[in-house]
Amino acid sequence: MKKCYITTPIYYPSGEAHIGHCYCTTMCDVFARYKRSRGIETYFLTGTDEHGLKIAKNAALANKTPQEYVDEIANKFKHLWEVLEISNNDFIRTTEPRHYKVVQEVFSKFLKQDDIYLGSYSGWYCTPCESFWTDTQVGEEHLCPDCGRSVQKEQEESYFFKTNKYLSTVNELFTLPKFVYPESRKTEMINNFIKPGLEDLCVSRTTFTWGIQIKENPKHVIYVWLDALLNYITALGYGSEDDSLFQKFWNNDDVEIIHVVGADISRFHTIYWPMFLKALNLREPDRIFVHGLLMMKDGKMSKSKGNVVSPYPLIEKYGVDALRYYLVREVTFGQNGQFTPVQFVERINNDLVNSYGNLVNRSISMINKYFDGVIPAFKGKVTLFDEALDNVIINSINNYESYMDDLHMTEGTDAMMDIVRAGNKYIDDTLPWSLAKDSSKKEELESVMAHLARIILVTTLGLKPILVDTYKKVFGFLNISEDLNYEEIKNVHLLDNIKVNAPSILFPRLDVNIEVEAITEMMGTK
RNA sequence: GGCAGCGUAGCUCAGUUGGUUAGAGCAGUCGGCUCAUACCCGGCUUGUCGACGGUUCGAGUCCGCCCGCUGCUACCA
């Protein structure tokens, strides 16, 4: 079976991590955990992109050196991922020697190969901001989009990457149906960039110094994308003495390589990254998955709008699993979504409290009450409703697996909730409390309990990549090992005659009014 | 301006290559149940499927036009 390498974007630490970062990282984490649960060796990378003018400026404002500044923020990102129980195998920082040394070498190689040449970049320059802007950015008035002052046309000596040399690589990749998701992003790239004729990519700057210095011409610093994109391979040890991870997870056709990115950086991942790789004579990634944005009611989340939600109070109040579940289930991966306190609270109440949590609770309570806690052996088709239920379970497991394999974690999760809903309905159909009053119905009652126990097992295995704490509790109720293999999901006899433990409340019911107010307050103060 | 996409029940959205009475979840309402965290189950209600025209035996599903919204538009992570 193919191995898997999945990456988040490396985040730009110009400010603190917010729930948008959590969204993307959590989705990747759920995917990575799912893959591992299927026995697929999976390497999961995240990190920070720490160079550039904005970092240098923010550092100066904070009275720190750029390095001090990024050290601090990178640690905050790392801490947040620990709290969110993100299972990343590594965390790459572009200021680390393992990265910048290799980037310098790659630049030298490209220069030697004649992939890069020295030219000049012209744009609209804002002197106070020390920034270049494009025609569309400055508009007809020629005003700096940052400070609003007028800008001047200026030229700067820059290195450029020859894009036309590798255009055929991109065109070939674009014929693959799954390379870019959603496909409309690919259309945008073709219509806006490829068709009009791709310009060469500017890969150096002389107007600031906080970046990776070009050895051959030290007044230049490598400009963002050649630096940032290479993280995906430098993190694996590409170009270092020990490149075993690189050999295993990149330089190997038997690996599915997936980059999850935001729409704003899809161009760089779909067009230039394959070109860089081709120039290095390395294989291409399999998928560039462009995720949507989690927005607030007044639009895109941004520090300047002051509408960010900090994940910490949400986790503290509702738990990691609740936040992870909300993120995965509420917003379809690949689409935009909106965060509102009401939806957050109601999603948790409806799905985790009322449907899943309550089903676990009522089922185990009945097993305790009617069979002294011993799960009756599974016999299959006993009651009138058993066969239909078994079919729902099998179909939903199939749906779950095919959705999850294709990065559609939202739909995959809902497939598990289908089983939960079917379970609650099954109880109403079979009326176990009535069966219990009639000793001649004992076999039916046994079958109902066996089916309910099975549903708990199946749904908990399916939700395990999301509910990273809760599944342990549920497996504890069922008296089975936390390390239970996912493939046991098809073993209907796994729970035969097991003595369950007393259940406890998995997710306490939330009072909508009180909690909405609490969350709204969190948003206001942060 | 150009390109792409979207506009379906109060809300969030599904609707395969055009085919019988347009679906799901949530909310609302009526009823049922009692194992369970006042949970769960069932029934019911609302939709001129953005507007107008066209193709067709038949269109939410194809074509044209109009209105509204979103994204991308080149070096801002």
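Residue numbering restarts at 1 for every chain, and letters A, B, ... go by the order of the sequence lines.
Base contact: L198(A) has a heavy atom under 4.0 Å from a base atom. Nucleic acid contact class of G197(A) (heavy atoms, under 4.0 Å, all strands): base.
No side-chain donor-acceptor contact under 3.5 Å links N358(A) and R509(A). Counting only N and O atoms by type, the side chains of N192(A) and R267(A) include no donor and acceptor under 3.5 Å apart. For D406(A) and Y181(A), the side-chain atoms include no donor-acceptor pair closer than 3.5 Å. Residues S396(A) and D418(A) have side chains that never bring a donor and an acceptor to within less than 3.5 angstrom of each other. Checking T413(A) against Y325(A) by side-chain atom types alone, no donor-acceptor pair falls below 3.5 Å. With 3.5 Å as the limit, one finds a donor-acceptor pair spanning the side chains of D386(A) and S447(A). Donor-acceptor pairing under 3.5 Å is recorded for the side chains of Y11(A) and T25(A). E517(A) and T520(A) share no side-chain donor-acceptor pair at under 3.5 Å. Between the side chains of T7(A) and H259(A), at least one donor N or O sits under 3.5 Å from an acceptor N or O. Using modelled atom types, one finds a donor on one side chain and an acceptor on the other under 3.5 Å when comparing E156(A) with T206(A). In summary, the side chains of T470(A) and D321(A) do present a donor paired with an acceptor at a separation below 3.5 Å, with no hydrogens or angles considered. Between the side chains of Q67(A) and D71(A), at least one donor N or O sits under 3.5 Å from an acceptor N or O. H220(A) and E157(A) share a donor-acceptor pair across their side chains, judged by distance under 3.5 Å alone.
RNA chain B lies under 4.0 Å from no heavy atom of any residue of residues 157-166 of chain A.
In this structure, H269(A) atom NE2 and A77(B) atom P are separated by 14 Å, rounded to whole Å. The distance from atom CZ of F268(A) to atom P of C76(B) is 8 Å, rounded to the nearest whole Å. When rounded to the nearest whole Å, the span between CZ of R267(A) and P of A74(B) equals 8 Å. Counting to the nearest Å, the C1' atom of U70(B) and the CZ atom of R185(A) are 10 Å from each other. Remark: P of A77(B) and CG of L226(A) are 14 Å apart, rounded to the nearest angstrom. Protein atom CZ of R205(A) is 14 Å distant from nucleotide atom P of A74(B), rounded to whole Å. Between the NZ atom of K57(A) and the P atom of C76(B) there is a distance of 12 Å, rounded to whole Å.
Of the C1' atoms belonging to G60(B) and C49(B), the separation is 5 Å, rounded to the nearest Å. Taking the P atoms as reference points, C41(B) lies 16 Å from C33(B), given to the whole Å. Going from the P atom of C39(B) to that of G23(B) covers 29 Å, rounded to whole Å. On the P atoms, C62(B) is 11 Å away from G7(B), given to the nearest whole Å. As rounded to the nearest Å, U70(B) and G42(B) have C1' atoms that lie 40 Å from one another. Only the C1' atoms considered, G32(B) is 41 Å distant from A59(B), to the nearest whole Å. The same atom, C1', is picked in G47(B) and in C13(B); the two are 14 Å apart, to the nearest Å. Rounded to the nearest Å, the gap between the P atom of U16(B) and that of U61(B) is 11 Å.
Residues forming a side chain to side chain donor-acceptor pair (under 3.5 Å) with D49(A) (at least two apart in sequence, or on another chain): none.
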Below 3.5 Å is the cut-off: list the nitrogen or oxygen pairs between protein and nucleotides 1-6 of chain B, distance only.
| unit_1 | atom_1 | unit_2 | atom_2 | d |
| --- | --- | --- | --- | --- |
| G2(B) | N2 | N192(A) | OD1 | 2.9 |
| C3(B) | O2' | N191(A) | ND2 | 2.4 |

Which pairs, protein N/O on one side and nucleotides 8-13 of chain B N/O on the other, fall under 3.5 Å?
none

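Relative ring orientation between Y23(A) and H291(A) is described as perpendicular, the plane-to-plane angle rising above 60° on a 0-90° scale split at 30° and 60°. Between F160(A) and Y117(A), the angle of the ring planes stays under 30°, which puts this pair in the parallel group of the 30/60° scheme.
Ring-centre distance between Y326(A) and F344(A): below the 6.0 Å cut-off. Aromatic ring centres of F333(A) and F289(A) lie closer together than 6.0 Å.
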5' to 3', nucleotides 24-40 of chain B under a 4.0 Å protein heavy-atom cut-off (B base, S sugar-phosphate only, - none) gives --SS----BSSBBB-SB

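In terms of position along RNA chain B, the nucleotide closest to Y426(A) lies nearer the 5' end than the nucleotide closest to the other residue of the pair Y426(A) and L201(A).
Between Y223(A) and the phosphate of A77(B), there is a side-chain N or O to OP1/OP2 separation shorter than 4.0 Å. Contact annotation: Y272(A) does not reach the phosphate of A74(B) (side-chain N/O to OP1 or OP2, under 4.0 Å).
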Dot-bracket for RNA chain B, please. Rules: Watson-Crick or G-U, both distances under 3.5 Å, ( ) within the strand, [ ] when a pair crosses earlier ones, | for another strand, . otherwise.
(((((((..((((.....[...)))).(((((.......))))).....(.(((..]....))).))))))))....

